[in-house]
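Residue numbers begin at 1 in each chain, while the letters A, B, ... track the order of the sequences. Note: hydrogens, waters and symmetry copies are ignored here, and every other heavy atom, side chains too, is used.
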There are 2 protein chains.
Amino acid sequence: MNLKDLAASLGLSQTTVSRALNGYPEVSEATRKRVREAARVHGYRPDSRARSLATGKAMCIGLVLPISAKQEIVNPVFADFVAGAGETLSARGYDIMLSLVNEEDQSSVYRSMLKKGRVDGLIMQAPLTGDERIALLQDVGLPFVVHGRVSDHDDTYSWMDIDNRHAFHRATDHLLDLGHRRIALLNGIEAMDFAHRRRDGFLDAIASRGFRADENLMASAAMTEIYGYEAAGRMLDLPEPPTAFLASSLLVGMGAHRAIEARGQRMGHDISVVIHDDGLSYLPNGSDNVPIFTATHSPVRDAGHICADMLLRLIQNPKIGPIQTKLEASLRLGPSSGPAPNQ
Amino acid sequence: MNLKDLAASLGLSQTTVSRALNGYPEVSEATRKRVREAARVHGYRPDSRARSLATGKAMCIGLVLPISAKQEIVNPVFADFVAGAGETLSARGYDIMLSLVNEEDQSSVYRSMLKKGRVDGLIMQAPLTGDERIALLQDVGLPFVVHGRVSDHDDTYSWMDIDNRHAFHRATDHLLDLGHRRIALLNGIEAMDFAHRRRDGFLDAIASRGFRADENLMASAAMTEIYGYEAAGRMLDLPEPPTAFLASSLLVGMGAHRAIEARGQRMGHDISVVIHDDGLSYLPNGSDNVPIFTATHSPVRDAGHICADMLLRLIQNPKIGPIQTKLEASLRLGPSSGPAPNQ
DNA sequence: ACTCTCACCCAAAGCGCTTTGGACACGACT
DNA sequence: AGTCGTGTCCAAAGCGCTTTGGGTGAGAGT
């Protein structure tokens, strides 16, 4: 059942039916009611392609999920982020188009996304340091929002990010305040911009107290539990082991915890651990009241909401220009951090 | 730059340009080359909406991500599943349209997806026992594949699933063979069909040796680490604690592990743990050679590939009728399971 | 010399919607 | 009586593509 048929069955023109359905004032309430009822009965839904072609709006935004190589890691944060963004978008009638991108053909994916008229704008995830995708997207001319930032780039694009540098600075300060001097950083892949910033915050905090960071106490890899376990284990076996760990994710923290326990030590007493908590729904840091880890906390689902909201504003009025949102992560104390043991 | 302009700039008709670009034989190789080059230079991309409208094919499939209530859990399996499906789909030129569904308006979402012509078919996730969405989708008439199965339904729809029942039967057998008699089940939410089947397999295995399952050793909840920790802890504190756990996911297993260690016992010696491993890329069960847990193993990314492939076959030729794929999970031995301790 | 193939190309009709630019009737205002 | 809204509806022109159903000219076959 298309518009033409529906109009015919009602003895009306397509124009009138279309207007009745879309709430235009040029049609009497009586007719509108009649049209709505007929549409309901026949189960009529406008074809979104035709409508999109006619209006120029796709009512759809693009989301790119970067997949490096075949076997590489899918961003665990993705599901919650998309859930957040999706809630906001679907409430406003927008759909989400997903594109998997492997490094090689990034350019073509972004280009085709817009050119093909499928989406009105897009959200870019997981920017790398000096990511050239920003330029690509600007060239393309479609509204976009970056979840994260790119360090080596001026601020002429829209982004939303948490203050990773500050968050890790504070977390490091917290450990320093507790008397820890040998603090280890279990970071994510430092090509990722957020990891880069976290490292900076960590180093700053240490340097600003006049200490020096130990290269042996800094690791960087994809944020899995096993990485946390192995990296922490290796460091604990050093002649001068760390007394505290700063881990880039809950999973990494869990790995560190396992390494600590495996050596007969207790987290929060012998060795402290502070993590960053993305607030993933399927990976809660204990309960709200009883956390497992002391953590810098910023739910990625909220980030999804915010990114989507920003993008919609940008689509509605592109002239408002680049907009930025910086979120502060809260520092939540848990039982995993305590005073440094006396030497 | 649209087709019309491109044709004009070449002094050709739209027909010829369209055919040249789409590889039809009615155009000379010389012209085709000329057209391709011009298209490249001008950065021409056909508008997918217009093309879709003309061809009747959306070149897009729908994926629904169920989001129960506001605060509920996002399926952690989703990211890897979509990565797998996406790889297959994008290789074949298909895009993915994501829809977030909260229980209430499921019907309308599925209905609108197809009616609006946005997708050529869809993949349904996380079916519940007696899920009424199947009937909905059948009514809608669009090709679809269910990732999982619905127990109380005949097999007149296409699905792909792992043999959850058999997998958990085997895992339970493994523990029984090791001499365990008090085996606890840390299951997912049993409204989910897969969890239901796993429970059945578990109970079958116990019953077929003439033992009786203990209700106190069976838990069911959303599969988080904290749930594993708390449920396992509760059971370990019983007057007659279990000697082994069968956990429905790696995270639950990790929680159980933590509970075991917290009580000064050792996993694999005092208490055995067997898990189901979805092979999530960001949650590896140790490394391939050195796993952490004994596990029934079936990568969900593979499931994504298979579902996508099935759906494409169904779209290409709907007459092939309902197709089904059942995968067997492998049982991989790890250090987390060992002989039952002597009482 | 005439027809018949091909090889190559084109005009125009959709696909299903929105939207522009009226048309028509009816009551109100001057 | 004439004009001017005003409320209600419509015909038709797009949106940008594919595809049907020819058209045209060159070379081959007789």
Side-chain angles (χ1 to χ4, degrees), chain A residues 1-36 38-39 42-60 93 95 111-120 142, chain B residues 1-36 38-39 42-60 93 95 111-120 142:
Chain A
M1 174 64 78
N2 57 18
L3 185 62
K4 195 169 158 186
D5 298 342
L6 183 62
S9 85
L10 280 162
L12 288 171
S13 75
Q14 294 189 42
T15 311
T16 306
V17 175
S18 169
R19 286 189 159 149
L21 257 23
N22 291 327
Y24 282 71
E26 297 94 329
V27 48
S28 70
E29 270 316 310
T31 317
R32 191 189 305 282
K33 208 165 210 166
R34 201 160 66 89
V35 171
R36 282 220 181 107
H42 291 98
Y44 168 77
R45 310 253 175 184
D47 185 301
S48 69
R49 299 163 297 184
R51 162 178 274 178
S52 171
L53 200 54
T55 59
K57 298 173 185 314
M59 292 307 282
C60 184
D95 288 322
R111 280 223 151 63
S112 67
M113 264 238 172
L114 88 134
K115 273 299 196 170
K116 297 205 290 183
R118 285 221 142 150
V119 301
D120 297 319
L142 213 62
Chain B
M1 174 64 78
N2 58 20
L3 186 62
K4 195 170 159 187
D5 299 342
L6 183 63
S9 85
L10 279 162
L12 288 172
S13 75
Q14 294 189 40
T15 311
T16 305
V17 175
S18 169
R19 285 188 161 150
L21 257 22
N22 292 326
Y24 282 71
E26 297 95 329
V27 50
S28 71
E29 269 316 309
T31 316
R32 192 190 304 283
K33 208 165 211 166
R34 202 160 64 90
V35 171
R36 282 219 180 107
H42 292 99
Y44 167 77
R45 310 254 174 183
D47 185 302
S48 69
R49 298 164 298 184
R51 163 179 271 177
S52 170
L53 200 53
T55 59
K57 297 172 185 317
M59 293 307 282
C60 184
D95 289 322
R111 280 223 152 62
S112 66
M113 263 237 170
L114 87 135
K115 274 299 196 173
K116 297 204 291 184
R118 285 220 142 150
V119 301
D120 297 319
L142 213 62

Would you mind reading off the distance between Glu26(A) atom CD and dG5(D) atom C1', rounded to a whole angstrom?
15 Å
Measuring from Ser9(B):OG to His42(B):NE2, what's the distance to the nearest 0.5 Å?
4.5 Å
What is the separation between atom CZ on Arg45(A) and atom P on dC17(C), rounded to the nearest whole Å?
13 Å
Let me know the distance between CG of Leu3(A) and C1' of dC10(D), rounded to the nearest Å.
13 Å
What's Thr31(B) touching, base or sugar-phosphate or nothing? Going by heavy atoms closer than 4.0 Å.
sugar-phosphate
If you look only at pairs with a residue in residues 13-33 of chain B, which of them pass as a salt bridge (Lys or Arg N to Asp or Glu O under 4.0 Å), with sequence neighbours excluded?
Glu29(B)-Arg32(B)
Could you work out which one of dC17(D), dC10(D), dG16(D) sits closest to the side chain of Leu53(A)?
dG16(D)
Rounded to whole Å, the CD-P distance (Glu29(A) to dT8(D)) equals 9 Å
Tell me which nucleotide among dC15(D), dC17(C), dT18(D) gets nearest to the side chain of Asp47(A).
dC17(C)
What does nucleotides 19-27 of chain D look like as a protein-contact string, B for base, S for sugar-phosphate only, - for none, at under 4.0 angstrom between heavy atoms?
BBB------
Would you kindly give the CZ-to-C1' distance between Arg51(B) and dG16(D), to the nearest whole Å?
11 Å
For Leu6(B) and dG16(D), give me the distance from atom CG to atom P, rounded to whole Å.
14 Å
Calculate the interatomic distance between Arg49(B) atom CZ and dT18(C) atom P; express it in whole Å.
14 Å
If you pin Ala50(B) and Ser28(B) to their nearest nucleotides in DNA chain C, which one's is more 5'?
Ser28(B)
Pro46(A) and Leu3(A), any side-chain heavy atoms less than 4.5 Å apart
no
Side chains of Thr31(B) and Ser28(B): do they bring a donor and an acceptor to under 3.5 Å?
yes
Do Arg118(A) and Arg49(B) come within less than 4.5 Å of each other through their side chains, counting heavy atoms only?
no
Quick check: do Arg34(B) and Leu10(B) have side-chain heavy atoms less than 4.5 Å from each other?
yes
End-to-end bend of the helix from dA1(C)-dT30(D) to dT30(C)-dA1(D) (five-pair axes, 10° rounding)?
60°
Quick check: do Gln14(B) and Leu6(B) have side-chain heavy atoms less than 4.5 Å from each other?
no
How long is the straight-line distance from OG1 of Thr16(A) back to CG of Leu21(A), given to the nearest 0.5 Å?
11.5 Å
Side-chain donor-acceptor contact under 3.5 Å, Arg51(A) with Asn22(A):
yes
Whole-Å distance, Leu21(A) CG to dC9(D) P, equals 14 Å
